[in-house]
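The first residue in the sequence is number 1, and the count goes up from there.
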Amino acid sequence: MLNTVPPRLARFLAARLSPEGELGLHLTVGLALLLAAAWIFGAIAEDVVTGATITLVDVRLAHWFHDRATPGFTRAMLFVTHWNGLVGSSIMGALLALWFWRRRAHYWLVVCVIAVPGGMLLNVALKHVFRRVRPAFDDPLLSLLTYSFPSGHTAAATVFYGLLACYLGRRVHAWRARALVVLGAAAMVTLVALSRMYLGVHYLSDVLAAAAEGAAWLAICITAVSTLHRRRLARGGRSWSERGHAAEDLG
């Protein structure tokens, strides 16, 4: 079967699946994740614009949460949502960037500086593209005047906790430890998304699209920086990593 593949195509495929090289496996995986996340975002956005079934689920779920609100859980969700808001996410991003700088992990520092604030700006732009009105209640738990789709808190959480998971995942080798890192990041993103739906400021489709948006943006940032890093190494430049060799990047 492999003998039937033209030599040029075989070399191309081998290069795309190779862990080494400037345009190897890291780029292939990054583009695959980007395309998958972008497709999910586009599908949800189309359903929202056309008023598909998910918009009916949005309204019912929003009222389900609102009708079951309790003072104690509301306080907990307010803490989660404010901790992961614009100020909280900016502080956490700055602290993470400072950690990378002190560790001389310049590769990760570049990703952090681009991904965290860039993801916030991207979300603002998308909100003004879709201009979806937030859920409305007679006695709202939290009132906001900005647009609803996609959720900025969820997108920021996806970028920040996703970046943190990628960094930590490179430093543990046992699959159980890596699984715990991924599950921890997913749990935090889910908790932030839940807080936004519970407080009645976002629909289900808002947070699902935001998670896809954040994943796509993070894939772009990590893939781009990894490719630039590899090109630098291929041309004899010094590594940006804290250990001074190419193994520190995601490729």
Side-chain angles (χ1 to χ4, degrees), residues 16-38 40-41 80 83-84 88-89 91-120 153-193 207-208 210-233 239-251:
R16 299 294 74 75
L17 298 177
S18 172
E20 307 297 333
E22 302 174 24
L23 306 176
L25 184 61
H26 77 285
L27 181 61
T28 303
V29 173
L31 289 177
L33 293 175
L34 167 61
L35 292 175
I40 293 172
F41 178 87
V80 171
W83 180 266
N84 293 274
S89 294
I91 292 175
M92 289 190 295
L95 291 175
L96 184 59
L98 178 61
W99 168 258
F100 291 150
W101 179 74
R102 289 179 62 87
R103 294 276 297 181
R104 296 184 180 179
H106 298 145
Y107 167 86
W108 293 98
L109 175 61
V110 173
V111 175
C112 185
V113 169
I114 296 174
V116 175
M120 294 179 183
H153 284 62
T154 307
T158 302
V159 171
F160 176 79
Y161 294 113
L163 172 59
L164 186 58
C166 290
Y167 175 74
L168 294 177
R170 292 293 298 173
R171 275 143 189 79
V172 294
H173 301 289
W175 69 268
R176 289 185 179 85
R178 289 187 172 182
L180 286 176
V181 167
V182 173
L183 289 175
M188 288 304 303
V189 174
T190 301
L191 184 60
V192 174
V207 299
L208 292 178
E213 169 206 341
W217 174 247
L218 186 59
I220 291 175
C221 295
I222 291 179
T223 303
V225 175
S226 181
T227 301
L228 291 174
H229 187 206
R230 286 167 174 266
R231 289 177 64 87
R232 176 185 176 89
L233 293 174
S239 173
W240 291 339
S241 70
E242 56 196 302
R243 296 181 186 175
H245 56 70
E248 284 299 299
D249 64 59
L250 290 184

Exercise for review: Hey, could you give me the CZ/CG distance between Arg104 and Leu109, rounded to the nearest 0.5 Å?
Suggested key: 13.0 Å

**Study point:** Any Phe160 side-chain heavy atom under 4.5 Å of Leu218 side chain
**Key:** no

Check your understanding: Under a 4.5 Å cut-off applied to non-hydrogen side-chain atoms, are Arg103 and Trp108 in contact?
Key -> no

Review point. Would you say the side chain of Val116 lies within less than 4.5 Å of the side chain of Ser89, judging by non-hydrogen atoms?
Key: no

Check your understanding: Would you say the ring centroid of Phe100 lies under 6.0 angstrom from that of Tyr167?
Key -> yes

Check your understanding: Which atom pair, heavy atoms only, marks the closest approach of Ala212 to Ile40?
Key -> CB-CG2, 3.9 Å

Practice item. Given side-chain contact (heavy atoms from CB on, under 4.5 Å), test Tyr161 with Val181 step by step and report yes or no. Key: CA-CA 10 Å; Tyr161 294 113; Val181 167; over 6 Å; no

Exercise for review: Find the distance between SG (Cys112) and NE2 (His106) and round it off to the nearest 0.5 Å.
Suggested key: 13.0 Å

Point to revise | Ala219 versus Leu33, closest heavy-atom pair with distance | key: CB-CB, 4.3 Å

Practice item. Could you point out which residue of Leu96, Thr158, Leu168 forms a side-chain contact (heavy atoms from CB on, under 4.5 Å) with Leu163? Key: Leu96

Review point. Do the side chain of Trp217 and the main chain of Ala115 share a donor and acceptor less than 3.5 angstrom apart?
Key: yes

Exercise for review: Measure the OG1-CG distance between Thr154 and Leu208 for me, rounded to the nearest 0.5 Å.
Suggested key: 9.0 Å

Review point. Are Trp83 and His153 side-chain neighbours, meaning at least one heavy-atom pair lies under 4.5 Å?
Key: no

Practice item. State, to 0.1 Å, how close Ala155 and Glu213 come at their nearest heavy-atom pair, and which atoms those are. Key: CB-OE1, 3.8 Å

